[in-house]
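Hydrogens, waters and symmetry mates are skipped; everything else that's a heavy atom, side chains included, is used. No experiment lies behind these values; they were computed from the predicted model shown. Sequence positions, counted from 1, serve as the residue numbers for this chain.
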Amino acid sequence: MQRFRNEHTIASSCEIHGRGYWSGEEVTVAVHPAPVSSGIRFIRTDLPGRPSCLANASTRQDASLRTNLVEGEAKFQMVEHLMAALSALEIDNCNVEINGEELPGLDGSSLGFAHALARAGLIIQAAPRRRLVLDQRYRVSSGDGWIEATPSKRQETYFEYHLSFDDDTPIEPQAFSIELTPNGFLREVASARTFVTADQADQIRAAGLASHVTNQDIVVIGSSGPVDNEFRFRNECARHKTLDLIGDLALSGIDVAGRFTSFRGGHKLNGKMASLLADLSAKQSARSLDAAQDIRKVA
């Protein structure tokens, strides 16, 4: 089944307000429509000159427990939850204005971003969306974690995540899988929240970070389950890891027809796969350009 489509931007601007998890600073994110083929551009409205950064694999920067973008003075922290919502809702071009460095943590999920973007609506633009159809298996790995990308029979985009921590963690092994569609994302993935163990939460707070974040703002998991909270899904942790995977792979800047299976993957591995996909797309575009030039020569 061919699933090619045109590019999209949002029909109207929308705003999301909240506090950054790490900094605790109040921040406003304003998402605006953007021209065809302009991509997702993050803009710092609080800095002189409004420095900006395109959201792609080349501007991604490794960070602990989150994905950041950096280009010169334009720095943005924890972009993966917004990127997941943009990608899943098929929003390809927009300008994301932020009056701070860190995006709001909200409830630790993509739901607030996804609802605001869904209300803004879509406009179909006059250019085909770049699409990569996988025709062989690719794998990235680090330690005992890995991500595989393989062809899909119906050219769907499919994600599968297997979560398995060490024996001394209170988080039980679990898995989740989904064929990515806008409605499926909203129903099954968008509300899955960030999680940490109680020991991790104590370490983060002892370091002077996230001191304002309560056990209701994030899923803190102790020996008996969530502390002062409840899971939204039995496998909410695996669903949130899938959310992160979707958001991080969106930095490839393309739609991909393929099946992604991640075992114990995280942001760093996701970034490796995003870079691999971006490279494959660039090579595909170069081959298409060479073929077009050959046709013109013959003509």
Side-chain angles (χ1 to χ4, degrees), residues 7-106 108-118 120 122-123 125 129-130 190 194 243-255 267-268 270-271 274-275 277-278:
E7 293 183 1
H8 298 148
T9 188
I10 50 176
S12 59
S13 298
C14 62
E15 287 191 355
I16 304 98
H17 308 272
R19 297 179 72 181
Y21 265 155
W22 301 93
S23 65
E25 294 181 0
E26 294 282 349
V27 65
T28 295
V29 176
V31 187
H32 303 290
V36 65
S37 300
S38 58
I40 309 298
R41 180 171 292 277
F42 285 76
I43 303 167
R44 287 288 298 273
T45 60
D46 60 317
L47 296 180
R50 293 165 52 95
S52 67
C53 175
L54 272 175
N56 57 43
S58 67
T59 60
R60 180 190 172 277
Q61 185 179 72
D62 280 334
S64 175
L65 303 176
R66 58 198 185 277
T67 294
N68 297 344
L69 301 175
V70 177
E71 188 169 2
E73 296 300 313
K75 299 178 181 179
F76 306 89
Q77 291 195 45
M78 203 170 173
V79 302
E80 62 270 21
H81 298 169
L82 174 57
M83 289 301 300
L86 290 167
S87 176
L89 298 182
E90 299 181 350
I91 299 167
D92 312 301
N93 304 306
C94 66
N95 291 326
V96 182
E97 297 184 346
I98 311 172
N99 62 350
E101 182 171 328
E102 183 183 358
L103 274 69
L106 305 179
S109 78
S110 282
L111 196 60
F113 295 120
H115 280 170
L117 293 168
L122 284 182
I123 288 179
Q125 296 178 294
R129 172 64 170 168
R130 290 173 60 201
T194 300
L243 187 160
D244 284 343
L245 179 60
I246 293 168
D248 288 339
L249 294 194
L251 295 178
S252 65
I254 51 171
D255 285 353
H267 291 299
K268 188 172 184 177
N270 297 348
S275 294
L277 295 173

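- Distance check, rounded to the nearest 0.5 Å: CG of Asn270 to OG of Ser252 gives 11.5 Å.
- Partner Leu106 forms a side chain to side chain contact (heavy atoms under 4.5 Å, CB included) with one of Ile16, Leu82, Leu111 and no other, that one being Ile16.
- Between the Asn68 side chain and the Met78 main chain, a donor and an acceptor come within less than 3.5 Å of each other.
- Closest approach of Gly72 to Lys75, counting heavy atoms only: O-CE, 4.0 Å.
- Under the 3.5 Å distance criterion, with hydrogens and angles disregarded, a donor-acceptor pair is assigned to the side chains of Ser37 and Glu7.
- Here CG of Asp248 is found 13.5 Å from NZ of Lys268. Values are rounded to the nearest 0.5 Å.
- Side-chain N or O atoms of Arg19 include none that pairs as donor or acceptor with a backbone N or O of Val27 at under 3.5 Å.
- One distance of note links CG of Asn99 with NE2 of His17; it measures 9.5 Å at 0.5 Å rounding.
- The salt bridge (charged side-chain N to carboxylate O under 4.0 Å, His left out) search around Glu90 returns Arg5, not counting sequence neighbours.
- Taken to the nearest 0.5 Å, the CG atom of Leu89 stands 9.0 Å off from the OG atom of Ser87.
- A donor-acceptor contact shorter than 3.5 Å is absent between the side chain of Thr59 and the backbone of Ala55.
- Between Pro33 and Ser13 there is a side-chain heavy-atom pair separated by less than 4.5 Å.
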Stepwise, does the side chain to side chain contact (heavy atoms under 4.5 Å, CB included) test hold for Gln125 with Asn93?
CA-CA 9 Å; Gln125 296 178 294; Asn93 304 306; 2.6 Å; yes
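- For the atom pair NE2 of His8 and CG of Leu86, the computed distance is 13.5 Å after rounding to the nearest 0.5 Å.
- A heavy-atom distance below 4.5 Å is not found between the side chains of Thr28 and Thr45.
- Looking at every heavy atom in both residues, Ile43 comes nearest to Phe76 through N-CZ, 3.7 Å.
- Leu117 and Ala85 get closest at one heavy-atom pair: CD1-CB, 3.9 Å.
- Rounded to the nearest 0.5 angstrom, Ser110 OG and Ile246 CD1 are separated by 8.5 Å.
- In this structure, the side chain of Ser12 engages the main chain of Ala120 through a donor-acceptor pair within 3.5 Å.
- Partners of Gln77 according to the side chain to side chain donor-acceptor pair (under 3.5 Å) rule, which considers only residues two or more places apart in sequence or in another chain, are Arg66, Glu101.
- Between Ile40 and Met83, the shortest heavy-atom contact is CG2-SD, 4.2 Å.
- Considering only heavy atoms from C-beta on, Asp92 comes within 4.5 Å of Arg129 through its side chain.
- Using modelled atom types, no side-chain atom of Glu25 and backbone atom of Gly100 make a donor-acceptor pair closer than 3.5 Å.
- Partner Ser52 forms a side-chain hydrogen bond (donor to acceptor under 3.5 Å, both in side chains) with one of Glu97, Arg41, Glu73 and no other, that one being Arg41.
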Should Leu251 and Leu69 be marked as a side chain to side chain contact (heavy atoms under 4.5 Å, CB included) after you check the CA-CA gap, both sets of side-chain angles, and the distance that decides it?
CA-CA 10 Å; Leu251 295 178; Leu69 301 175; 4.1 Å; yes
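- Minimum heavy-atom separation, Pro104 to Phe113: O-CZ, 3.7 Å.
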